[in-house]
Undergrad: 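One structure is given below, represented as structure tokens, and several questions about it will come after.
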Amino acid sequence: MTTPRYLIKIMLFVTAMLLGGLPAAAQSVLSKLLPDVEVGELVEGADAFGATHADIPAVQVLRGGERIGWAFVTSDYVSTTGYSGKPIHTMVAVDDDAQVIGVQLVKHSEPIVLIGIPDAKVKALVANYRGLDLVAEAESGGSSHELDIISGATVTIMVIDDSIIRAGLKVVRQLALGGLAVEEPGAGPKFEINPDAVASTDWMTLEGDGTLRRLSLDVGQVNDAFAAMDDPRAAKRALTEAPETTYIEMQVALLSHPSIAKALLGDAVAKNLDTWLEEGDHAIGIFGRGLYSFKGSGYVRGGIFDRIVLIQDDVSVRFRDRMHKRINTIAAEGAPVFNETDMFKIPADSGFDPTAPFRIQLLAQREVGAIEKVFTTFDLGYQLPPQYMRAIAPPPAPDVPAAIATVTSQSELDAQQALWKRIWEGKTTEIIVLGVMLTLLTAVFFFQGLATRNERAFFWFRMSFLTVTLVYLGWMSNAQLSVVNLMALFGSLISGFSWQAFLLDPLTFILWFAVAAALLFWGRGAYCGWLCPFGALQELLNRIGRALHIPQWTLPWGLHERLWPLKYMIFLGLFGVSLTSIEQAERLAEVEPFKTAIILNFVRAWPFVAYVGALLVAGLFVERFFCRYLCPLGAALAIPARLRMFDWLKRYKECGNPCQTCAHQCPVQAIHPTGEINPNECINCLHCQVLYQSETTCPVVIKKMKRRAKVGAAPDLSRDISGHPNQPAT
């Protein structure tokens, strides 16, 4: 093994240890959450939980010592996530007839519910699933029940509904309840996409051969669907257009087949699709017209398209704004005119099989009050036509020696490793750019005397670097570190989840590695002053404010020094809360404006945007206001930064007494009036090092220059007035 590769492996191991500890053994969600559930609240009349099933994460529900059902947590079986990007953990109990006898919302991180909708309201809705017949759901494909939705929490409720149905069907089939047979995975022939198949370039032909599938609803059909609901208000608010008016016509095609993409999008766009999709990803195209939009406006507020969801057996994919692209032109001949033409990415890790049937579920809504809505769903089924597929020959079953068979227990670990390695390969360009930025920044710190010699050149270098940090690292790559990452680290030491989860986000992993190294060399300023996108946003806006002659406020030193501890108090408060409830700590961590300003690009509810706006306005008058007084991440990084090994910033003995130039010009007032630089508050902007060499600003340098000029201008007494050497007197 070469030395560089060996060092890289050591560095990766050390960073992994810092981020999350050693890998832990797999543990079901059920075993973690079971102690927090009262069995009597889950199932009426039950008095205890019994033994856990030997093969699947399900536990017996007992009454008087006899089993009356099985309980399980949905997130053990399905991977549906809501607005938070995290699973919603719902515990469900079923009896031997595959009837739901208990449902309880145990744990979630949904901001929609956490902020504006009472948790009790959602829990009450979830409890209404008692009595649901999973046998009927299996026969109807999961659509035999009416979907009840709370206005303002559409996605959250749909995720809960979807997870209860699909996880419930998995469990009752595995346990053979209600007469449902166990599904054997792998049965039947396997297929894959045939890239050599050629699609027609005519729209009508594509519709006829099944390449495009259609859902067409008129106003009369939709009015009838809402009239059939239990809520009479839905019928009273019926659409007034003629019954035959098109409510929505929606067509779907699988664009990850190269020939279909070429036929619908054209050669150029189809080639660009390959760069958008990473290995294992797929894409669908959705075309719509009529009175109703399949996109809606929910994705503008929360980043999720809440009116459509892709469902395939136990796979459910909800599309986010970053999984979406508009289709500007349809290349197929004879294509109708659509109001909306869009394509959506299906991630590789979703488990989606492009050769198997799937459906696009459309959520239709109707206002029945000032802020109330009712909802119903319609399905558009899709099956890739057989001409685009080819059979996969099953591999011969090898004779596996007993010694090798034991290795199969590592298959899950191997799959996890393969996943993060594939993600890293797909992020090669981003990793290279970040590597160049870190290398350049390291060179500047090591050779800071040379880098800061030219004041104007260094100023524009810093402004350019911060612009790349904001636009590329922040808004484009979402590589914004947060105190939530640190709370997850502390939580991992308690819960023991695998550190490989951190490897799924390459840029964040590399940044944390760089921060860990920089803390030992330079302190927290290497990240806070150069690599934090929100810090860059504050400084760039302040520079624009200065150019517009916005007055700059310098707080009195006594007040400034007393405001410093605020951020440490915020961090310690969050850390204390995280020890008891990581979810509560994550909610309180909204004191960080990073999610609103950087991750969601200000597309969020108005209170969050107003909060960020207030911080940025304050930063126009007091440079880096949030960094100075409120940032819990900066406080967290300042604590271990006390262990840094070197003091790189040069000072003169005159600094502070009598000279106060650097103290007055420090952008964050990190220099004491006595001349010392506070490493906990310094952001390593290197402005003091620019002043250290300034021939026009630094009094010490100016004094030295005058002394040299005076020495150089002194007359040479060894020569006469004509310039000839004086002769010694005789």
Side-chain angles (χ1 to χ4, degrees), residues 441 444-445 447-467 522-530 532 535-564 616 618-629 631 634 638 647-706:
L441 185 59
V444 168
F445 282 162
F447 304 102
Q448 61 188 33
L450 180 62
T452 58
R453 184 170 299 172
N454 187 312
E455 181 176 1
R456 183 175 180 81
F458 181 76
F459 171 81
W460 286 112
F461 165 77
R462 177 166 171 78
M463 292 301 103
S464 301
F465 196 98
L466 292 179
T467 301
W522 300 287
R524 76 177 182 98
Y527 175 75
C528 296
W530 294 85
C532 175
L537 175 61
Q538 290 181 95
E539 185 164 335
L540 291 171
L541 286 178
N542 181 267
R543 290 294 170 182
I544 295 174
R546 289 171 185 264
L548 298 175
H549 304 292
I550 292 178
Q552 299 299 298
W553 299 344
T554 301
L555 275 63
W557 178 259
L559 175 62
H560 172 66
E561 195 173 27
R562 284 162 178 76
L563 290 176
W564 274 346
L616 294 176
L620 292 175
F621 299 91
V622 180
E623 186 169 347
R624 286 183 175 254
F625 175 84
F626 177 77
C627 298
R628 293 196 202 190
Y629 308 122
C631 182
D647 191 2
W648 298 83
L649 302 179
K650 298 178 181 179
R651 308 292 286 156
Y652 295 112
K653 65 180 184 343
E654 293 88 351
C655 292
N657 185 21
C659 181
Q660 296 289 322
T661 302
C662 291
H664 290 157
Q665 293 198 26
C666 178
V668 293
Q669 289 181 262
I671 303 178
H672 286 262
T674 53
E676 299 88 0
I677 297 176
N678 187 338
N680 288 351
E681 307 304 322
C682 176
I683 61 170
N684 279 78
C685 65
L686 302 183
H687 182 64
C688 60
Q689 301 306 290
V690 172
L691 298 179
Y692 183 86
Q693 305 180 77
S694 175
E695 298 178 354
T696 59
T697 306
C698 179
V700 178
V701 176
I702 294 172
K703 185 177 180 180
K704 288 181 179 179
M705 290 181 60
K706 287 182 177 179

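In this chain, residues are counted from 1 in sequence order.
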Undergrad: Parallel, tilted or perpendicular, judged at 30° and 60°: which one describes the rings of W530 and F445?
TA: perpendicular
Undergrad: Please name all residues satisfying ring pair (Phe, Tyr, Trp, His ring centres under 6.0 Å) with F459, sequence neighbours left out, ordered by chain then number.
TA: none
Undergrad: Looking at residues at least two apart in the chain, or sitting in another chain, which of them share a side chain to side chain contact (heavy atoms under 4.5 Å, CB included) with C662?
TA: R651, I671, C688, L691
Undergrad: Whether the side chain of Q689 engages the backbone of L649 through a donor-acceptor N/O pair (distance < 3.5 Å, no angle test) should be reported.
TA: no
Undergrad: Taking Q660 for its side chain and G656 for its backbone only, find out whether a donor-acceptor pair lies under 3.5 Å.
TA: yes
Undergrad: In sequence, state the C-alpha distance, the side-chain angles, and the governing distance for W648 and N684, and then conclude on side-chain contact (heavy atoms from CB on, under 4.5 Å).
TA: CA-CA 10 Å; W648 298 83; N684 279 78; over 6 Å; no
Undergrad: Where the side chain of E695 meets the backbone of M705, is there a donor-acceptor pair that is under 3.5 Å apart?
TA: no
Undergrad: Is the number of heavy atoms from other residues, nucleotides or ligands within 6.0 Å of CH2 (W553) greater than 12?
TA: no
Undergrad: Quick one: OG on S694 to OH on Y692, what's the gap to the nearest 0.5 Å?
TA: 13.0 Å
Undergrad: Do the non-hydrogen side-chain atoms of C685 and R462 ever get within less than 4.5 Å of each other?
TA: yes
Undergrad: Give a yes or no answer on whether the side chain of S464 reaches the backbone of W460 with a donor-acceptor pair at less than 3.5 Å.
TA: yes
Undergrad: If you draw a 6.0 Å radius around CZ in R562, do more than 12 non-hydrogen atoms from other residues or ligands fall strictly inside?
TA: no
Undergrad: Please report the shortest heavy-atom distance between I683 and C528, naming the atom on each side.
TA: CG2-CB, 4.5 Å
Undergrad: Closest approach of I677 and P679, non-hydrogen atoms and distance?
TA: O-CD, 3.1 Å
Undergrad: Can you tell me how far the CG atom of L537 sits from the CG atom of N542, to the nearest 0.5 Å?
TA: 11.0 Å
Undergrad: Taking the six-membered ring for Trp, are W564 and H560 parallel (under 30°), tilted (30 to 60°) or perpendicular (over 60°)?
TA: perpendicular
Undergrad: Output the distance between atom CD (Q552) and atom CD (E623), rounded to the nearest 0.5 Å.
TA: 7.0 Å
Undergrad: Nearest 0.5 Å, please: how far is CG in L616 from CD in Q538?
TA: 6.5 Å
Undergrad: Out of curiosity, R546 CZ to L541 CG, how far, rounded to the nearest 0.5 Å?
TA: 12.5 Å
Undergrad: In Å, rounded to the nearest 0.5 Å, how long is the span from CH2 of W522 to SG of C682?
TA: 13.0 Å
Undergrad: At their closest point, which heavy atom of A638 faces which heavy atom of R524, and how far apart are they?
TA: CB-CD, 3.7 Å
Undergrad: State, yes or no, whether a side-chain contact exists between L620 and L548 at a heavy-atom distance under 4.5 Å.
TA: no
Undergrad: Without hydrogens or angle criteria, can the side chains of T554 and Q669 be said to hold a donor-acceptor pair below 3.5 Å?
TA: no
Undergrad: Using modelled atom types only, decide if a donor and an acceptor are shared between the side chain of E654 and the backbone of V700 within a distance under 3.5 Å.
TA: no
Undergrad: What are the two closest heavy atoms between P699 and T661, and how far apart are they?
TA: CD-OG1, 3.8 Å
Undergrad: Indicate yes or no: at least one non-hydrogen side-chain atom of F461 is less than 4.5 angstrom from one of V444.
TA: yes
Undergrad: Could you please spell out the steps behind the side-chain contact (heavy atoms from CB on, under 4.5 Å) verdict for Q665 and T697?
TA: CA-CA 11 Å; Q665 293 198 26; T697 306; 3.7 Å; yes
Undergrad: Using a strict cut-off of less than 4.0 Å between a Lys/Arg side-chain nitrogen and an Asp/Glu carboxylate oxygen, indicate whether R628 and E681 qualify as a salt bridge.
TA: no
Undergrad: Could you check if a side-chain atom of V701 sits within less than 4.5 angstrom of a side-chain atom of Y652, using non-hydrogen atoms only?
TA: yes
Undergrad: Is there a side-chain contact (heavy atoms from CB on, under 4.5 Å) between H672 and N678? Walk through the geometry before answering.
TA: CA-CA 7 Å; H672 286 262; N678 187 338; 4.0 Å; yes
